[in-house]
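All chains are named by letter (A, B, ...) in the order of the sequence lines, taking the proteins before the strands, and each is independently numbered beginning at 1. Predicted model only: the values in this text are computed from it and were never measured.
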2 protein chains.
Amino acid sequence: MDGGVKKTGVTSSQVAQRAGVSQSAVSRSFTPGASISPETRAKVLAAAKELGYRPNAIARSLITNRSRIVAVVMAYLDNLFYPDVLEQLGRLLAKEDYRLLLFTGLAGGDSDPVFDQLMQYRVDGIVLASTSLSSELSEECAAAGIPVVLFNRTTERDAVSSVTTHNREGGRRVAEYLLAGGHRRFGYIAGLESSSTNRDRLAGYREVLGEAGHKDILVEVGNYDRAGAQAAARKLLSRPDRPDALFVANDHMAVAVMDVARYELGLSVPEDISIVGYDDVGPAQWDAYGVTSMSQPHRRMVEATVEVLMSQISSGEIAAEHRVFSGELIVRTSARLPPSGVVEVEGRKVFRPER
Amino acid sequence: MDGGVKKTGVTSSQVAQRAGVSQSAVSRSFTPGASISPETRAKVLAAAKELGYRPNAIARSLITNRSRIVAVVMAYLDNLFYPDVLEQLGRLLAKEDYRLLLFTGLAGGDSDPVFDQLMQYRVDGIVLASTSLSSELSEECAAAGIPVVLFNRTTERDAVSSVTTHNREGGRRVAEYLLAGGHRRFGYIAGLESSSTNRDRLAGYREVLGEAGHKDILVEVGNYDRAGAQAAARKLLSRPDRPDALFVANDHMAVAVMDVARYELGLSVPEDISIVGYDDVGPAQWDAYGVTSMSQPHRRMVEATVEVLMSQISSGEIAAEHRVFSGELIVRTSARLPPSGVVEVEGRKVFRPER
DNA sequence: CAAGCTATTGCATACGTATGCAATATGCAA
DNA sequence: TTGCATATTGCATACGTATGCAATAGCTTG
């Protein structure tokens, strides 16, 4: 056992003694903007360095009533969209000097234990990017006076802040694209039926198709899950009246669907069937898939999330704020090209129909 | 600065008053195994429920000197292997009643700020699954008396606990497979050259190939990064003496390499070139890629990680412990099949050469 | 030179909980 | 009945920090 420092944390009082000042002086030396002379501060910092002192954030939280911790609830991470979001959340929160307490891999539906944790650790804010338990949890937290931001989803009553994209518009755009491509039979593979995101995308899709006289859309549910999406795809694509245009509620499912179409059913994409996804996330961009997809500007969405959170934390106001972004329909190879409307913007092909 | 609204914050004293008991009694009611009569406890719990009381974990940490928080450092999440690990870590830690403080998306190389955070929050344990800053960080933490587990990597001196697989063995197995498949020219796309994982895999690969008389292996560095891997692949695969067998240090890079081979260079896999990856992670298993890959049993690796951590936390002993697991070479379609040695185990084809 | 002001410092206390210790209540045996 | 062991309970304090308040030092202004 060489001189390894034991679990005995160095305290501000020890530093104070060493530096020949009061504990208050030590505290003030580590508090930006506090009243402390440069000389005293220098003495304190020197002593602190010698002893390896770091302020105890736990004790600090107790007195300031601020933990500088933001909780992020993200039920599953197998859709790369979420790890992407998580990584940038970590980056931006760190920049604001906040820590990220992650709740993931939780047993479905059971929101109470999570809520307990959040309350017990007195987190300063919460990002809910998970799916099922959002509505219950968000109401509880908002009621407890903790700022909450729903990421990529909303609740019925707009009582809780949210950051989303125009999902209904997105659904409409996809329909327009597929119509322009001359497709005839339309299908949809849903995410979680209960999720706002899914409902809005489908609603927009239905609207435009309905206006064009296509009322009978084949719908199967994939639950935002790879296996679920594949099961849905098998059902939908083995029908005699198989659709020639398929909108899949997100890219994570879209690539799964493409695998089924190509390798299980021997279909060609997009010759036999056009597939459009949502999110414009990692694998969708890979050459093996090349998914035509509605993008969600997740960088800006995360920025907005942190902005809203920080503003609510510092103001104490938790009036609900809703930030809604717009995406683009990124054109790749998984769906037949329409004769017009595809333009090149910043090196990417996007669909912008002339009205 | 911030005229914030005070949070509710029900305290144990308030509950005590309501229940007509002392604060101590409240505390004991929430401490398993404490000395408290069933009647008193019932009264307390009733009062607590009425007031919506939850013990303040911050205050509790201050006195118990245990935060029940484990820090996880994971620099990047775009390789799905890590989100998978993260999700299960979250699950298992929750089961042990620990919280997960995530450090991700950090600016490269700069380990000091992270270390500061860890110390300030008095985390009870640390999982380092990140890459570059592991060695420096781990030494510092171990020196500070905090249990550390390196996940999927080790350091030079074995002073810090680790959970890994037999990477050298894995590299050997890959070489055996490719040799058995009758390949002639061998290449390797490296991860981070400094990482132990990468070095060991390459070493094993080299050993076996060397024994078979193949000394000149073409190596390019991909840095565990998609873009890097693709650049490396372009270099390696446009050479006139292009290899017909390529070992890529992980699946995340392997699928990127396959995209380059197929869609940029027009090569057929495995007819023109065989590709073998490592990890057996998500996309590698998808039909569009079907990567033949050395698996890492990440479920069991995460279990072991949590076990080691819990044991070190509860015992106070931080003697380094090294858990090493074995994987299988999962046979799919990205590499030519050898005439023998491929057997079916639990529904999966694996390579087990007869010796 | 005096008076007044500002900058700096230390003292004392508070944050919400856990826990050693002493005090009390309860139960049992004699 | 008494005495003793045990189960509960409350009191007081400690954890490590931040901060209002009063005291002091240093400086400016007249």
Cationic N near anionic O, under 4.0 Å, [X] to [Y]:
| X | Y | value |
| --- | --- | --- |
| B:Glu321 | B:Arg323 | yes |
| A:Glu87 | A:Arg91 | yes |
| B:Asp97 | B:Arg68 | yes |

Point to revise | Separation between CG of B:Asn56 and CD of A:Gln120, rounded to the nearest 0.5 Å | key: 9.0 Å
Check your understanding: Out of curiosity, A:His298 NE2 to A:Asn152 CG, how far, rounded to the nearest 0.5 Å?
Key -> 11.5 Å
**Study point:** Side chains of A:Tyr224 and A:Ser195, donor plus acceptor under 3.5 Å
**Key:** yes
Check your understanding: Going by atom types alone, do B:Thr40 and B:Ser37 pair a side-chain donor with an acceptor below 3.5 Å?
Key -> yes
**Study point:** hbond_proxy B:Arg122 side chain to D:dG16 base (donor-acceptor, 3.5 Å cutoff)
**Key:** no
Check your understanding: Nearest of C:dT17, C:dG20, D:dT17 to any side-chain atom of A:Thr11?
Key -> D:dT17
Check your understanding: Out of C:dT17, D:dT17, D:dG10, which nucleotide sits closest to the side chain of A:Gln23?
Key -> D:dT17
Point to revise | Sugar-phosphate, base or nothing in reach of A:Ser24, heavy atoms under 4.0 Å | key: base
Practice item. Give A:Ser27 one of three labels, base, sugar-phosphate or nothing, depending on what nucleic acid heavy atoms sit under 4.0 Å from its own. Key: base
Review point. Can you tell me how far P of C:dT13 sits from CG of A:Leu62, to the nearest Å?
Key: 18 Å
Check your understanding: Can you check the B:Arg28 CZ to D:dT8 P distance for me, whole Å?
Key -> 11 Å
Check your understanding: If you draw a 6.0 Å radius around CD in B:Gln23, do more than 12 non-hydrogen atoms from other residues or ligands fall strictly inside?
Key -> yes
Check your understanding: Does anything in residues 34-47 of chain B reach DNA chain C, meaning a heavy atom under 4.0 Å, and if so which residues?
Key -> none
Exercise for review: Give, ordered by number, those residues of residues 12-22 of chain A having at least one heavy-atom distance below 4.0 Å to an atom of DNA chain C; if nothing qualifies, reply none.
Suggested key: A:Val21, A:Ser22
Exercise for review: Quick one: look up who D:dG10 pairs with, Watson-Crick or G-U, both distances under 3.5 Å, and put none if it's unpaired.
Suggested key: C:dC21
